[in-house]
Amino acid sequence: MITAERKPFDKILGLVGESKKVLVAGCDTCVAVCLTGGEKEAEILASELRIEAGMNGRETEVEHTSAIRQCEWEYLDLISDKVDQADVVVSLACGIGIQSMAEKFATKLVVPGVDTNMLGMPLEHAVWLERCGACGECVLGETAGVCPVVRCSKSLMNGPCGGSHEGKCEVKTPEGEEIDCAWHLIWERLKAQGREDLMFVDRPPKNWSKGSSGGPRKMVRVEARPV
Amino acid sequence: MTPEKTEITEDTVDGYKAGSNLEKILSDGRFAVTGECGPPKSADGSVIDNKAKLLKGYVDAVNITDNQTAVVRVCSLASAVVAQQNGVEAVMQVTCRDRNRLAMQADILGASTLGIKNVLCLTGDHMSFGNHRDAKGVHDLDSINLIKMFKDMRDDKKFQCGEEMTVAPRLYIGCAENPFGDPYEIRALRLKKKILAGADFVQTQCIFNLPKFKKWMEEIRSLGLHKEIKIMAGITPIKSAGMANYMKKAVPGMDVPQEIVDRIAAQEKGAPQQAEGKKLAVEMIKELAEIEGVAGVHIMAVEWEPAVPEIVEAAGLLPRPTVA
Amino acid sequence: MADAAQPDFEPEIIVFACHYCAYAAADLAGVMRLDYPSSIRIIKLPCTGKLEVIHLLRAIEAGADGVYAAGCLEGECHYLKGNLWARQRVNHVKKLLTEMGLEPERVEMYNMSSAMGVRFAEVANEFTARIKELGPNPVKRKGVSPYAAAREAASEIALPEDTDTVADQPNRPLAPLATTKEG
Amino acid sequence: MTAIRLQRCKLGEPDERGRRRPEPIPGAFFEIPCETVIFAVGQAIVGDFAQGLAGVGLEGDQVKTDDSTLATGRPGVFAGGDASPKGPLTAIEAIAAGRKGAASVHNYLRGEQLVSLWSNPLPEARPDDAEVKKVTRQERSPMPEHPGAERRRNWVEVREGYTEEQAIAEAKRCLQCAVCSECMECARICPPKALIHEERDSELDLEVGAVVLATGYDAYDPGSKGEYGYRRYPNVLSALEYERMLSASGPTIGEVKRPSDGAHPHNVAFIQCVGSRDQKHDYCSSVCCIYANKQAMLTTDHVPDCSPDVFLMDMRAQGKGFDLFYQRAVDRGVNFIRSRPSAIKEDPLTKDLLINWEDEQGVLHQNRYDMVVLSVGLEPARKGQEAAGRLGIALNRHGFCDLKEFDPLQSSREGVFVIGPFSEPKDIPDSVAQGSAAAARVMAQLADSRGTLTAEPVYPPERDVSDEEPRVGVFVCHCGSNIASVVDVKDVAEHAAKLPGVQCSTDTTYVCANDSLQLIREKIAEHDLNRVVVASCTPRTHEPIFQSTLREAGLNPFLFEMANIRDQDSWVHKKEPDKATAKARDLVRMSVARARLLAPLSKIDVPLTHSALVIGGGIAGMTAAGSLGDMGYEVHLVERASQLGGRVLQVGRTIRGNDPARILATLEQRLIDNPNIHIYLDSHLADFHGFVGNFSSVIEDKDGRRTPVDHGVIIVAIGAREERVDLYQLDRRPGVVTEMDLERMLKEHDPRVTEAGSVGFVLCAGSLEGDHPYCSRVCCQHGVKNAIELKERNPSRPVYVWFKEMRTFGLLEEYYTRARDLGVVFIRYANGNRPQVSSEGPLTISYHETALNRDVSLPLDLLVLAVPSVGAEGSVDLSKLLKVPLQRDSFFQEAHVKLRPVDCASEGIFICGAAHYPKSIDETISQAYAAAGRAAALLAKQVIKAGGVVAEVDQDRCAACLTCVRVCPYSVPVIDSEVKKARIEPATCQGCGVCVSECPVKAITLHHYTDAQILAKEEALFMEVS
């Protein structure tokens, strides 16, 4: 799923500026599931903004709402009354939702309340790991289901670099935690599957144009287009 | 004893892929010695001048690192040219971290134009180790793709996209391998993969754990790989016990046995430890030279270039041969 | 940011107490006729695991000078781990308050068993003293009350339409803009 | 007429009615000169009237009647007054007889049983002789009379009456013996008319299948121990008196003060074992150590600068968690002094008390105290002994009820069970467990008549209030003066009346009294109320009462809300009445705000599986299974080992000298013979799901065969095990063994035991310290038992026992006495001063001999260690599987340590035996019956009620994100595979609300604690009301 993290409160305050009427808009799909931008978090942020305004003597009115999916205009219609009344909308949706909102309400100031960070897998409750880079050309079939594009720190396609040590990558998370070496995992799984040869297949340079290097992508399902 | 001046000319290429000094020595089955030179973190070209002068006559070629440990330095292409201007043949290192396939092909064409013949294809240390941690890692290609791309340019006169060129760059293509990296069992096969991609020589990660290296070499030999590629064993002289400890604990992919650390630490700090470090390097070189399939050594005296001539001499590797 | 302690400041403190331990401890404090400051107002929950971040924030927003949760002793929660959830949420709110520039000490988590009437009184004393030290909730002090409307709404609240199922957007009638919109 | 001549009489012998009739003395005539003679005519009844009524018996001339009902021998005929054999009577007596007769006629005509209303004498609280002796005799004040000379020719009252002073003086002569004189003032003044003077003892004949004696104990009267000066020195109190003094509802309202001068005491001493462990009481009262511990701690709460001294012999904290409690007392500064003071003296000037005591080194001390509390022991209840006499059941030499070993409730008479301290002093949890155990015994005996005498309450249909605006009724309680003396209840009620939605607001003396409950019902009807708020005490005790009142008035019981203005207001802010009133207003306002949002909730009937799963086939599990099987329920009994019996199999003989093997064999046969009981050996619980009434489990045997089992309840009886601590060379030297090792060796006649020249026991080897700070309860008795056995087998063999605290509680004390009489040497040691065991060479033990103050070394052939008991193997896994917590000491946690000792916090799960805490065989059997009893109380139902305060998912909002599934501590939420949304089963949901708090899209609501309801309370607190 798409995951995102709440922006630091002072950043949000900076984005909201002197606006008198603030609407915090949550999205009840991906960002809700990753516990960052659902109605619950929208309500919390609204309360925080009211408390801060109250403390500092600003007469700011803050309300919250949430859309089923902010990336769909039909769902935005359901909250348009509240959006209309606000001077600024703090969107807790992913980057898609924020832009969708900004496009639909073109004259409205729409600012992000979250940083969209990855396509993550919930490892356990409240822990997500990056699993997909939306590269446009999936190699998982030959890498034993482990993505080297995002799970290898260097996006290597032909095996581990020399920094792989006891199954761990030479790179650590910002918190200093160890990261699994993707190629080590790939090797272990290929062995288990009896497909070791795949490790030594020459993989040509990847076609990055199918991913973000190809410019803004567009997808059309012709057969599904309304007639 | 002063080594003879190496002439680098365009017409000494017959039968060779690139015709570099290094290629010739290795092809002739003679024990090769390469050194390493880190370009400065400023536009001070004299640093490379000095380092090159120091090594001249003691090594067959010198590696010019490419933003080593992800720290910005003078680019490897310019530095390689300066080294060769000082009479030392360069091995230009290219990492996949900072450039995409366009930049790397452009650079290699330029390098070839300027007389660079040896190239070492690397993935590159991750940005998080360097001084621009927020940088975007390019990693368009990996090192194997890079080897293949250079080989295709050289042998098939083809760009990576398949388009043809008129004059191909003449390159002696090297790669690196870490015999101590995990998973250990794939390391020999991984070298084979690099060979298949087109590597002509390999310089290994610096070796401290000899038994483990020997085991790796056994596997290499059992696969017959030593006949397919020139293997240059990596050597790093240890300057102090502190450095030994640091490499043991903090440098990824490094395997420093405790007895090595202890051996250095048993000496007084300063000159005695340095002497012991050089002595150790010499012993290692001698032992490595005995291993079947080891075609040379690559001495990486990190910011300790003055030690190299002494070591090379003590190891009995002088004079360096001249090639026609 | 606290002003010097004000001698005549009478804090208003909301306490969320779990049914099985802290609420019972509060009753026991009564049975023992202990004296503690009249500043605290208890809201009973089945378990502090039911205490949400928003309940703590809304208490501050509404004007409470301090809020604390009182649950079972750790490891002895009637519902296994509800008190540990509560502690985590209280810590989160402390972080949020810090970000807003409010003293994190205005929220707290305490643990006590149903037999600890004396402890209940101690906590009430301790926390009241702490809040007196911190001074009044600055949100209230500045006199700007985005909640006046909410309070009005609270008094005009209508029954949820479908009382038997999940309250349909239960907080909506309390939301500040709702009345502004009408007005 | 000049004179009248009379004959002298004397009193004759009493006739058959005890009357002494006058008999004339022959010849003893004398004359009185007079002018007029007036005859005082005697009375006789008209006998022929009664004679005409057939069946009416006569007694002499008078009619024979029943004294109490005035009924004659003929139904419908009553007689009284002069006609009765008591006559002739005074006018008062005649009037009384008239009333009595009228009452009987009333009953007779209504076809009711004739009952006497006046037959029994009124209760008389006669002060005891000692009290009366204290009173100085005073003569009655003479009544002033009108002088004779002034009385002529008028009707002035002869007796003039007392002056005010005289009247007061005369009233002061009253001994205040509290005999009711039936002035009826109390009945007149009691508003709910709760006092009914006419109520009398009555005799009922009941047909019962079993009798349970729960007559409790009598506290020892410390007055009979003259040396402690109780009743002579005002500042010597019994523990019961002190308990009342500490109580906020006691005579001093919780203030600790010296009776002599009302001063707060700063030095308080407690003396233990007053009426226990002495020549007259060869038993330990079991509970005094801990209650003294508690009282000493409370003393430090009440008088902060006081560090009480407790004089004791041993700290007997053998109950679950008691040692930690003891430790807390030590931490609080309570001093425990090992000495038994011989006497208390009083300083006559200050009324301070002087205690002389001798320390362990034999040094004499004298301490001065402001107050001394005597920790009185427990004696068998005299009333219980009387009942025992009537029931013909045997008592033991102490006067407690004599019970058979291994059948710890069964008296000597079949069908009569004894529970509580009437068989032996015991604590609350043990007594409560025995109560449930007795229920199990009775249920098994009366299984055939189960459910035959039950009555279901009938309620009016519930009103649908869903379309109504909130109409709230507020009732503010005075709680007598408990609230009203601090809080201005009128003001609170008036405040409530102004709140939105409030239709009526009143205050009454006791809202929980019947007349007030009636008032609530009336107000509901009068104002069409659909929400009720009561501001009174705590919902923890009173909510159910008011909820059923709502139900009786046709309202859903969840439309009720309570404001706690007593326990959490008037009782704790009594020094600030204004603030207390303000707080009460706030609390009521908050409650009204919530009440307006309350929604009706209904519980659902869930059928249940009438079978039980018992984990553990030791004595506990076997007993529980057998009991439930006897009641007719299907039972699955799972045992890890290949044989039933558990640890008891290893025990050769109990301290009372009986062999438990026999009882085990009988019990096992009973289980095998009972077709309801299925036994799974070599098996364990592999899987467990479901909820109370509907559990489903998988039993797996050692070959991996899995048997699914459905059951309504589960009983955990997995026992405990010895922890082989690395102390005293255990498992390092062959001569060092544990108590269980010794049991085995004794059973097998191991020569290491039989031929041992000298034997030592170290009790608390690893207990009361380090990782095992608790008492394993049974080791002292094991040690004493085996010390006696070894000594009896070879009286010349030295036997030593090192102990920290000798915990031969209850009737076990006599064995401790016996062991000492036999010459077993008992030596106390402390944690810092452990005996040391040689690690090589001959086995020796060295220790510090306190009395001699030097180190002593002794050779031993065998050293027996009482190592700690810890939770059985698999207890951690089982705890996780069942989701019931283990305590830090590795035993299962009960729902309430005192009142629900065999229930787990999760419904339908019960614990018994050593899985709960180490205990003796008899205690285990009691508790096993208790678990069976509690389980049967559930199994006896046809359906169970579920739901109410549970979480519910709004599936339209649910994002199916699995948060609830992952955070629920009970694994209740699931993603419904059909609709692909979360679903929470109301029957399983425990209502903790964790899922609600975590749901990121706010799709879950905890009924009765909705967000809106909680936030409404917060907002209402700060809402201004004009």
Side-chain angles (χ1 to χ4, degrees), chain C residues 10 12 14 19 23-24 26-36 38 41-47 49-55 58-59 62-64 75-76 78-82 85 89 118 121 147 150-151 153-160 162-168 170-171 173-174, chain D residues 248 253-254 301 466 469-470 500 538-540 564 566-568 571-576 579-580 582-583 586-587 590 593 596-597 599-601 883 885 888 893 905 949 952-954 967 969 990-994 996-997 1003-1006 1009-1012 1014-1023:
Chain C
E10 294 290 343
E12 288 184 286
I14 291 182
H19 174 86
Y23 195 89
D27 283 350
L28 181 58
V31 172
M32 294 171 76
R33 307 297 198 278
L34 304 175
D35 279 308
Y36 57 80
S38 61
R41 308 282 183 268
I42 296 179
I43 296 180
K44 181 163 81 95
L45 296 176
C47 173
K50 174 68 193 77
L51 177 63
E52 300 187 30
V53 169
I54 191 66
H55 300 152
R58 287 294 281 261
E76 290 176 16
H78 181 84
Y79 295 105
L80 306 176
K81 285 181 182 172
W85 280 106
R89 294 183 197 128
V118 174
Y147 340 98
R151 284 177 204 161
S155 64
E156 295 302 330
I157 220 153
L159 265 184
D162 185 0
T163 46
D164 198 19
T165 59
V166 179
D168 179 32
N171 56 322
L174 293 177
Chain D
I253 319 170
D301 285 340
S466 55
E469 282 291 301
T538 173
R540 292 172 56 251
N564 189 334
R566 189 190 71 181
D567 303 45
Q568 297 175 4
W571 276 354
V572 288
H573 310 312
K574 54 192 172 299
K575 291 177 186 159
E576 302 177 305
K579 289 183 184 172
K583 178 168 174 176
D586 285 353
L587 292 175
M590 290 162 78
R596 289 155 51 91
L597 297 172
L601 298 175
K883 296 196 164 69
R888 265 167 290 188
Q893 186 172 22
V949 182
E952 190 184 339
V953 180
D954 176 358
V967 300
Q990 306 282 314
C992 69
V994 165
V996 185
S997 304
I1004 315 179
T1005 299
L1006 180 63
Y1009 291 94
T1010 67
D1011 241 20
I1014 293 169
L1015 293 177
K1017 276 199 152 187
E1018 290 189 350
E1019 302 288 358
L1021 172 56
F1022 297 98
M1023 190 169 77

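Order of the sequence lines sets the chain letters (A, B, ...), proteins ahead of strands, with each chain counted from 1.
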Is there side-chain contact between C:H55 and D:D1011, with at least one heavy-atom pair below 4.5 Å?
yes

If I compare all heavy atoms of C:L80 with all of D:P885, which pair ends up nearest, and what's the gap?
CD2-CD, 3.7 Å

Side chain / backbone / both / neither for D:Q990 at chain C, heavy atoms under 4.5 Å
both

Under 3.5 Å, is there a donor-acceptor pair between the side chain of C:S38 and the main chain of D:A580?
no

When you compare the side chain of D:N564 with that of C:K44, does any pair of heavy atoms fall below 4.5 Å?
no

What residue in C:P46, C:A26, C:A29 has the most heavy-atom pairs under 4.5 Å with chain D?
C:P46

List the atom of D:S997, the atom of C:G49, and the distance in Å for their closest heavy-atom pair.
OG-O, 2.8 Å

Please report the interatomic distance CZ(C:R41) to CG(D:L1021), rounded to the nearest 0.5 Å.
6.0 Å

Rounded to the nearest 0.5 Å, how far apart are CG of C:D27 and CH2 of D:W571?
8.5 Å

Are D:I1014 and C:E52 packed together at the side-chain level, in the sense that at least one heavy-atom pair is separated by less than 4.5 angstrom?
no

Highest number of heavy-atom pairs under 4.5 Å with chain D among C:L28, C:I54, C:V53, C:L45 belongs to C:L45

Keeping D:H573 on the side-chain end and C:D35 on the backbone end, is there a donor-acceptor pair under 3.5 Å?
no

Check for a donor-acceptor pair, side chain of D:K574 on one end and backbone N or O of C:R33 on the other, with a separation under 3.5 Å.
yes

What pair of heavy atoms forms the shortest contact from C:A62 to D:F1022, and how long is it?
O-CG, 3.4 Å

Top of D:E576, D:Q568, D:R566 for chain C proximity - count of heavy-atom pairs under 4.5 angstrom:
D:Q568

Would C:E76 and D:R888 pass as an ion pair if we require N to O under 4.0 Å?
yes

So what's closer than 4.5 Å to chain C heavy atoms on D:V949: side chain, backbone, both or neither?
neither

